[in-house]
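See below for the structure under consideration.
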Amino acid sequence: MAKRRWAVVAISIALAVGPALTYGDPGNGKGQGHGKDKGQHGQGHGGSYGGPSINRGDVLGILDGHRNYWSAGAALPPGIQKNLARGKPLPPGIAKKLDGRLLGQLPHYDGYEWMQAGADLILVAVATGIIYEVLNGALD
């Protein structure tokens, strides 16, 4: 009976942790595709991660068109900024929720949430807290 209980526990842990492992950083920690320049647009990275495809140009256009729904954020300290990268967990207490009016304008992706971290707009997986996308300097 005890062996069976341990087997159930081991399987439960594997099922709980397994999906989070699929969000790893394929850039080997190099933070690919995240320039500091607001003008740097590109197609999203959804294909290789199995998540949504983000059109940065559309998102930045929405932010520009709804400036009264958000306030500019101060740049994060360099150490925290370095930790704010795709495939990493969201540092606790760093991000804040966006105005609901702005959230209504931004693209919605099931299982993900837009948040503000300093001057950056980030898309975070709700279930795991893993950062899916960072738009550096989008909110400055």
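Y109 places no side-chain N or O within 3.5 Å of a backbone atom of I54 that could act as its donor or acceptor partner. Without hydrogens or angle criteria, R86 side chain to Y132 main chain gives a donor-acceptor distance under 3.5 Å. Judged purely by atom type and a 3.5 angstrom limit, D120 has no side-chain atom pairing as donor or acceptor with the backbone of I122.
The shortest distance between side-chain heavy atoms of L121 and W70 does not fall below 4.5 Å. Side-chain contact between M115 and I94 is absent, with no heavy-atom pair separated by less than 4.5 Å.
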(message) Working note: L123 + V134, criterion side chain to side chain contact (heavy atoms under 4.5 Å, CB included); need CA distance, chi angles, decisive distance, verdict.
(response) CA-CA 7 Å; L123 186 62; V134 179; over 6 Å; no
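Remark: H108 pairs with D110 by the side chain to side chain contact (heavy atoms under 4.5 Å, CB included) rule, at least two apart or across chains. Legend: residues meeting side chain to side chain contact (heavy atoms under 4.5 Å, CB included) with P89, ordered by chain and number and at least two apart, are I130. Taking the side chain to side chain donor-acceptor pair (under 3.5 Å) definition, one finds that E113 meets it with K97, sequence neighbours left out. With sequence neighbours excluded, no residue satisfies salt bridge (charged side-chain N to carboxylate O under 4.0 Å, His left out) with K96. Among residues two or more places apart in sequence or in another chain, the side chain to side chain contact (heavy atoms under 4.5 Å, CB included) test is passed with I62 by H66, L102, Q105, L106, P107.
Interatomic distance, CG of L63 versus CZ of R56, reported as 12.0 Å (0.5 Å rounding).
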Show the atom names and distances, to 0.1 Å, of all donor-acceptor pairs under 3.5 Å that link a side chain in residues 71-79 to residues at least two apart or in another chain.
none

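Under the 4.5 Å side-chain contact rule for hydrophobic residues, Y69 and L103 share a cluster.
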